[in-house]
Amino acid sequence: MSQAVLETRALTRSFGGLTAVAQVALTLVIGELHAVIGPNGAGKSTLINLLSGDLRPSSGQILIDGASVGGLPAHRLARLGIGRSYQKTNILKSLPALENVRLAAQARHGGGRRLFQTARGARDLVALAEAALARVGLASASDRPAGQLSHGEQRQLEIAMTLATEPRALLLDEPLAGMGPEETERMVTLLRQLAADHAVLLVEHDMDVVFAVADRLTVMVDGRVIASGPPEMIRSSAAVREAYLGEATA
């Protein structure tokens, strides 16, 4: 297996007397799409918030390239190659799609000296933004206000904004939420493409999509991992069917 880009060891987060994530071990490598599934309240969103730096661990380790980074804030982790999307789109709807992505690139690469420069004065950032839009299939929508894009296109735009930060690991929190069949198909194709040159962690409730695209699945229940392995192993696990998949189809 390739060297881990992002790894956790006994990662734990408690809120008072509630342990939302308990002793989680996880490994993300480039070229692999790793999906995390589980019923509501399993700890999936807390896990992704820990990995992105939006929450600090109570105990355990988060490592990037083998170096401990647990407790570093989100902007520091972004500079180390961690990018994430959120359950709710986080875009500036009045600005063109290209400007949304350029601002994301500027936040990661621009620094204070570029804060007040125009797009014309930072052609390298514009080129990075254009490449990110093209990667997600939105090159033709670069001049459209983000608020005029369809729901699926807005989700693609948010991923483009994440790509503009040049991450090596992508943390995608329910990127298919609210999509219709055609939008879902486009996003599935994009996820497969992204996994070719990124380490991808996917949190998603659509089980058909998860089993179609994931190279590895980790199943969480009550904050703990109950199973982790290839899709075939997870699908045949009696414990998983009882704890999650069976519940979903009941």
Side-chain angles (χ1 to χ4, degrees), residues 1 4-29 31-52 54-55 57-63 70 84-88 155 169-181 183-185 187-189 191-192 194-195 199-250:
M1 179 178 288
V5 173
L6 183 61
E7 183 181 3
T8 71
R9 298 174 184 171
L11 185 63
T12 299
R13 172 68 194 207
S14 298
F15 299 92
L18 171 67
T19 301
V21 168
Q23 300 287 315
V24 169
L26 195 73
T27 301
L28 303 182
V29 300
E32 181 178 87
L33 193 152
H34 192 142
V36 176
I37 63 173
N40 290 334
K44 304 183 298 298
S45 292
T46 301
L47 174 63
I48 211 169
N49 286 334
L50 289 167
L51 296 178
S52 65
D54 291 319
L55 282 176
S58 299
S59 62
Q61 290 184 296
I62 301 173
L63 304 102
R84 75 161 291 180
S85 68
Y86 291 81
Q87 290 182 12
K88 295 182 179 180
R155 301 299 288 186
L170 286 169
L171 313 176
L172 305 179
D173 197 355
E174 298 189 33
L176 289 93
M179 287 189 179
E183 292 176 327
T184 295
E185 185 176 349
M187 183 60 74
V188 166
T189 298
L191 291 175
R192 288 180 174 137
L194 292 175
V200 178
L201 177 72
L202 173 67
V203 172
E204 181 55 54
H205 286 291
D206 188 327
M207 290 298 99
D208 289 336
V209 168
V210 166
F211 280 96
V213 303
D215 300 298
R216 185 177 185 86
L217 280 83
T218 290
V219 185
M220 294 181 65
V221 174
D222 295 330
R224 296 184 178 275
V225 173
I226 65 167
S228 188
E232 297 77 14
M233 188 194 89
I234 299 301
R235 193 187 297 274
S236 63
S237 168
V240 171
R241 289 200 303 272
E242 179 181 354
Y244 181 64
L245 298 178
E247 176 183 313
T249 57

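- Counting all heavy atoms, side chain and backbone alike, H34 lies closest to T27 at ND1-O, 3.3 Å.
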Requested in this report: Evaluate side-chain contact (heavy atoms from CB on, under 4.5 Å) for H205 paired with N40, printing each intermediate quantity in order.
Outcome: CA-CA 9 Å; H205 286 291; N40 290 334; 3.6 Å; yes
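- Under the salt bridge (charged side-chain N to carboxylate O under 4.0 Å, His left out) criterion, D54 pairs with R84, sequence neighbours left out.
- A donor-acceptor pair under 3.5 Å is formed between the side chain of R155 and the backbone N or O of P175.
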Query raised in the report: Hey, mind stepping through L201 and L26 against side-chain contact (heavy atoms from CB on, under 4.5 Å) and telling me if it holds?
Result: CA-CA 10 Å; L201 177 72; L26 195 73; 4.1 Å; yes
Report task. I would like to know whether L176 and L191 meet side-chain contact (heavy atoms from CB on, under 4.5 Å); could you show each step before the answer? Result -> CA-CA 10 Å; L176 289 93; L191 291 175; 4.0 Å; yes
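- Taking the side chain as every heavy atom from C-beta outward, S58 and R13 approach each other to under 4.5 Å.
- Put simply, OG on S228 and CE on M233 are 6.5 Å apart, with the number rounded to the nearest 0.5 Å.
- For the atom pair CD1 of I37 and CG of L202, the computed distance is 10.5 Å after rounding to the nearest 0.5 Å.
- Remark: the backbone N or O of P39 is paired with a side-chain donor or acceptor of K44 at under 3.5 angstrom.
- Taking each heavy atom of L217 and P231 in turn, the nearest pair found is CD1-CG, 3.5 Å.
- Among all heavy-atom pairs drawn from V21 and V24, the shortest one is CG1-CG2, 3.5 Å.
- Between the side chain of T218 and the main chain of R216, no donor-acceptor pair closer than 3.5 Å is present.
- Of the inter-residue distances, the one linking S236 atom OG with R241 atom CZ reads 7.0 Å to the nearest 0.5 angstrom.
- More than 12 heavy atoms of other residues, nucleotides or ligands sit less than 6.0 Å from atom CG of D215.
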Report task. Would you please test N49 and D173 for side-chain contact (heavy atoms from CB on, under 4.5 Å) and show each step? Result -> CA-CA 10 Å; N49 286 334; D173 197 355; 5.6 Å; no
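- Atom CG of residue L6 and atom CG of residue L170 lie 11.0 Å apart, to the nearest 0.5 angstrom.
- The shortest non-hydrogen separation linking I48 to V203 is CD1-CG2, 4.1 Å.
- Of the inter-residue distances, the one linking T46 atom OG1 with M220 atom CE reads 8.0 Å to the nearest 0.5 angstrom.
- Put simply, the side chain of T19 never gets that close to the backbone of A22: no donor and acceptor are under 3.5 Å apart.
- A pairwise comparison of heavy atoms in A35 and V210 identifies CB-CG1, 3.9 Å as the closest pair.
- Pairing each heavy atom of Q23 with each of R224, the nearest pair is CG-NH1, 4.1 Å.
- Here the CG-CD1 distance, from L11 to I62, works out to 5.0 Å after rounding to the nearest 0.5 Å.
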